[in-house]
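Here the structure is laid out as structure tokens; the discussion comes afterwards.
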Amino acid sequence: MMKATGKLVGLFSPGNRTWAAQLLLLLPALALMGIVYLGGLLIFGRYSFDLYENGRLIRDWNLDSYRSFLGDPYYWTLIGTTFRVAAKVTLWSLLLAYPLAYCIAGLKRPGIQQFFLLLTFLPLLVSAVVRSYGWQLLLSKQGFMNWLFMQLGLTDSGFEMMYNETGVIVALVHIFLPFMVFPILNVLTQTDDSLKAAAHDLGAGKWRTFLTITLPLSARGIASGVQIVFTLCLTAFTTPQLIGGGRVMTLPVLIYQRTLDTNWPMAAVASLFLFASSIFVSLIVNKGADRLMFRRTRTGGQAHD
């Protein structure tokens, strides 16, 4: 028994692992992904060809839902709102997350660095529903934000920050900010400090060192953060529904409404469109990061020669 166990452990050890052993290790995760993820996509794909008439779902094979979704200006307005909100949230998250990640990465004392990491991580311990309700209290007409603005003399009657796109963006930035910070921080902490020291020795100032060394080397972290935040924003439902109050219509809210109405073909088409859009954006961001890294490497190589 012990010999058999030793052989089994040796078979799966990194040094002796064969392709068959590697595939066997991947099977549980692949099975879960195949059943839950790919299975759900296939079911969505099948429903997208059905008919919805007079409140009834009719099994069929047609493209009416695709024609309605792609040919109706109303749905394109929702698509534009969804992508506009996702782009704004991603941009603001990046502008806020990069300085935060840069400062945390520059902290020399591990205790202080761990403290700021904990503060950044804390919002993830609270569900998006609770955070959205919290932002409702802050952004409402009688909320803390309007009280503060009136105390500062910025307004007499308060700003309208609930049930509009601005409130949704503010809440989503707060919710998704950690997802932008951690990929950038991971890359910045792995950057070789000797590169910065060499740039300073060659006469480069702080800004030139940042633009030529730090920023290009962190491109992969920026790309990962943009992919995560943009994709999460595209599929966000709770916050646009609660903060938007039905006035900020996005595709996830539409999918929820069509599902309640049993119009599953339209919900499936909108879901597949979101899925394809997420993949397309990820490919574009990856391509841009690769070109930036390649350009830096090529420029650095020429300068070295």
Side-chain angles (χ1 to χ4, degrees), residues 14 88-135 137-139 144-145 148 151-152 169-233 236 239 282 285-286 288-290 292-297 299-300 303-304:
K88 289 181 178 180
V89 171
T90 304
L91 177 61
W92 279 109
S93 298
L94 178 60
L95 293 177
L96 294 174
Y98 198 97
L100 177 60
Y102 187 82
C103 291
I104 294 176
L107 294 174
K108 302 302 181 183
R109 299 180 62 179
I112 298 179
Q113 190 178 61
Q114 292 298 322
F115 173 74
F116 281 101
L117 283 174
L118 179 62
L119 288 181
T120 306
F121 181 78
L122 276 178
L124 298 179
L125 301 179
V126 183
S127 70
V129 177
V130 175
R131 282 180 284 179
S132 297
Y133 277 117
W135 276 109
L137 296 176
L138 289 173
L139 299 177
F144 173 76
M145 298 299 293
L148 180 62
Q151 293 297 317
L152 295 175
I169 292 173
V170 170
L172 286 177
V173 168
H174 170 255
I175 291 173
F176 295 140
L177 185 62
F179 295 100
M180 183 71 76
V181 172
F182 289 120
I184 298 175
L185 180 62
N186 182 55
V187 175
L188 290 176
T189 53
Q190 296 179 12
T191 303
D192 190 357
D193 291 335
S194 62
L195 296 175
K196 300 179 184 179
H200 289 309
D201 292 340
L202 293 173
K206 291 184 178 180
W207 278 106
R208 186 172 180 83
T209 302
F210 174 78
L211 294 175
T212 57
I213 302 295
T214 306
L215 186 60
L217 287 179
S218 60
R220 181 54 57 193
I222 295 174
S224 299
V226 168
Q227 287 176 338
I228 295 172
V229 172
F230 192 86
T231 303
L232 290 175
C233 287
T239 302
S282 298
V285 172
N286 266 334
D290 290 340
L292 180 60
M293 294 291 291
F294 173 74
R295 183 177 300 173
R296 182 199 172 278
T297 305
T299 304
H304 179 73

Hey, are the side chains of Tyr102 and Ser218 touching, using non-hydrogen atoms and a 4.5 Å cut-off? no
Residue pair Leu188 / Ile104, side-chain heavy-atom distance below 4.5 Å: no
Indicate yes or no: at least one non-hydrogen side-chain atom of Ile169 is less than 4.5 angstrom from one of Leu172. no
Does Arg220 reach the main-chain N or O of Val187 with its side chain, forming a donor-acceptor pair under 3.5 Å? no
Test item: Leu177 and Pro123 side chains (from C-beta on) under 4.5 Å apart, heavy atoms: no
Is any side-chain heavy atom of Ile222 closer than 4.5 Å to one of Leu215? yes
Side chain of Thr189, backbone of Asn186: donor and acceptor closer than 3.5 Å? yes
Flag the pair Thr120 / Phe182 as yes when at least one side-chain heavy-atom distance between them is below 4.5 Å, and no otherwise. yes
Return the set of residues passing ring-ring contact (aromatic ring centres under 6.0 Å, His included) with Phe144 (not counting sequence neighbours), or none when no residue passes. Trp147
Does the side chain of Leu117 come within less than 4.5 Å of Leu185's, by heavy atoms? yes
Partner set under ring-ring contact (aromatic ring centres under 6.0 Å, His included) for Phe179, not counting sequence neighbours: none
Phe115 meets the ring-ring contact (aromatic ring centres under 6.0 Å, His included) criterion, sequence neighbours left out, with none
